[in-house]
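Scroll down for the structure; my scribbles are underneath it.
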Amino acid sequence: MGKIFVDACMGKDTPYTPVWMMRQAGRYLPEYMAVRAQAGNFLNLCHDPKKACEVTLQPVDIVGVDAAILFSDILVIPDEMGMDLSFVKGEGPKFSDPIKTQEDLDRLIGADEAASKLTYVFDTIKLIKEQLSDDKALIGFTGAPWTLATYMIEGQGTKTYNICKKMMYSNPELLHKILAKVTEVVKLYMEKQIQAGIDVVQIFDSWASAIEPSNYDEFSWKYMVEIADYLKEKYPHIPIIMFPKGVPAFLDKVYGNFDVFGVDWATPMSLAKEKLGDKYVLQGNMEPCRLYSKEQTTACVEDIQKIMGGKRHIFNLGHGILPDVPVENAIHFVKEAQRVSGK
Ligand code: CP3
């Protein structure tokens, strides 16, 4: 159950500062590539609890992090709502029939049915819990409704977000209906992840920075807070980590009943501490590309430690690790975080 990790998320004093890495189970690990090759493709891997469990546990054993993160993807949610998801080699995720109208939205199935179709995720969680050592936590996750909606509306990743922003500014009612429907699925989905055994929730709003700060609450944050409120009322002992990427201008307006604020790499840790450090535990925030250099990694870990002083902090990267990072450099990051925090 990872007591030290959970305690640290809840703001209690712990003997050391725990560490994990966003996207720690993935392509930089040759062991991951081997299991993915056996599975045939990425989605098969997500659908296969035994293999998904195996790749979840790999970074715990190889890199030595204090928490495992469930191996899955945020996009299994719209997939099980009835959108046809595929991963095209070299291009990333694709939905064949993006949502353009109210009728498109009405065709998607609702919370109860969609959440119950995700049983392979809950089965994966149960298997992981049988095998994960008791001093490690298991992090479950979801995408924020906004980040999920960007893929559902654009049909794929985007640099400009022009299709969803056209909707934001010319048909906000429809965008809100999409966000509300996804929010209902996410609430149940995360509740079922908790019932299956996860110790911590993380909500990824990877594309938060696409929204202008004055609109961020209306189109994203308030839905994340709604999910956190729903979970906290029923499961107050489960820590919730919010990770909105790229919103330093929103720090003054952050509110809500959650435990940890994930600081992205472009937000100075000192600024996050000044604005939010009294209210929330802070997670982060090394620029993931520092992992290309061990010296740069050490310098950054020491800087972060100097700012946070080992209090109300979880060590992490400020976004996901990239596929071409040498494994030994990832291990170096974890060891350095443990060294400076006295583990
Ligand atoms: O350790 C972990 O974090 C693994 C579990 C995990 C994956 N995706 C596996 C994955 C998690 C937490 C995610 C979340 C996710 N998925 C996010 C939010 C996290 C973030 O970094 O901001 C987003 C935006 C997605 C959507 C997604 N999935 C994209 C855009 C892509 C393609 C990215 C790329 O680099 O090709 C994926 C695929 C994906 N999800 C991979 C993995 C390991 C790569 C698939 C492969 O093996 O080829």
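Just follow the structure's listing: the first ligand is 1, and inside any ligand the first atom is 1.
With atom 23 (C) of ligand 1 as the reference point, the heavy atom nearest to it among Ile139, Asp205, Ile74 is part of Ile74. Among Gln156, Arg23, Met33, the residue whose heavy atom lies nearest to atom 41 (C) of ligand 1 is Arg23.
Using a cutoff of 4.0 Å between basic side-chain nitrogens and carboxylate oxygens, Asp79 and Lys117 are not scored as salt-bridged. Taking 4.0 Å as the cut-off between side-chain N and carboxylate O, Asp7 and Lys3 count as a salt-bridged pair. Asp66 and Lys343 are joined by a salt bridge, as a carboxylate oxygen and a charged side-chain nitrogen come within less than 4.0 angstrom of each other. A salt bridge is absent between Lys181 and Glu184; no separation between the charged side-chain nitrogens and carboxylate oxygens falls under 4.0 Å.
In the model, Gln283 has a side-chain atom that pairs as donor or acceptor with a side-chain atom of Gln202 under 3.5 Å. In the model, Tyr120 has no side-chain atom that pairs as donor or acceptor with a side-chain atom of Asp48 under 3.5 Å. Side-chain polar atoms of Gln305 and His313 form no donor-acceptor pair below 3.5 angstrom.
At a 4.0 Å heavy-atom cut-off, ligand 1 touches Arg27 through the side chain alone. Neither the backbone nor the side chain of Leu45 comes within contact range of ligand 1; no heavy atom lies under 4.0 Å. The proximity of Ser72 to ligand 1, defined as any non-hydrogen pair under 4.0 Å, is limited to the backbone.
Protein heavy atom closest to atom 11 (C) of ligand 1, with residue, atom name and distance, is Phe141 CZ, 3.6 Å. Nearest protein neighbour of atom 38 (C) of ligand 1, counting heavy atoms only, is Phe87 CE2, 3.4 Å. With respect to atom 45 (C) of ligand 1, the closest heavy atom belonging to the protein is Phe42 CD1, 3.5 Å. Scanning the protein for heavy atoms near atom 22 (O) of ligand 1, the closest one is Ser206 OG, 2.4 Å. Looking from atom 26 (C) of ligand 1 to the surrounding protein, the closest heavy atom is Asp73 OD2, 3.7 Å. For atom 46 (C) of ligand 1, the closest non-hydrogen atom on the protein side is Arg36 NH1, 2.8 Å. The protein heavy-atom contact nearest to atom 32 (C) of ligand 1 is Pro93 CD, 3.9 Å. Residue, atom and distance of the protein heavy atom nearest to atom 30 (C) of ligand 1 are Tyr151 OH, 3.3 Å.
Ligand 1 does not have Gly320 within reach: every non-hydrogen atom of the residue lies 4.0 Å or more from it. Using 4.0 Å as the threshold, Tyr32 has a heavy atom nearer than that to some atom of ligand 1.
Side chain of Glu302 to backbone of Val340: no donor-acceptor contact under 3.5 angstrom is found.
In this structure, Leu127 is not a member of the same hydrophobic cluster as Tyr32, with clusters built from ILVMFWY side-chain heavy atoms closer than 4.5 Å.
Heavy-atom proximity to Ile69, at under 4.0 Å, picks out these atoms of ligand 1: 1 (O), 2 (C), 3 (O), 12 (C). Those atoms of ligand 1 with a heavy atom of Phe204 less than 4.0 angstrom away are 12 (C), 18 (C), 19 (C). Applying the 4.0 Å criterion to heavy atoms of Leu70 picks out, from ligand 1, the atoms 5 (C). Here is the list of ligand 1 atoms found below 4.0 Å of a heavy atom in Ala25: 1 (O), 2 (C), 4 (C), 43 (C).
Between Phe141 and Phe204, the ring planes lie perpendicular to each other; the angle is over 60°, past the 30° to 60° tilted range. Taking the six-membered ring where tryptophan is involved, the planes of Trp221 and Tyr216 are tilted, since the angle between them lies from 30° to 60°. Using bins of under 30°, 30° to 60° and over 60° for the plane-to-plane angle, the ring pair Trp207/Tyr151 lands in the tilted bin.
Within the model, atoms CG of Asp135 and CZ of Phe5 stand 12.5 Å from one another, a figure rounded to the nearest 0.5 Å.
Here's the thing with Gln24: one of its N/O atoms is less than 3.5 angstrom from an N/O atom of ligand 1. Residue-to-ligand polar distances keep Trp207 apart from ligand 1: every N/O pair is separated by 3.5 Å or more.
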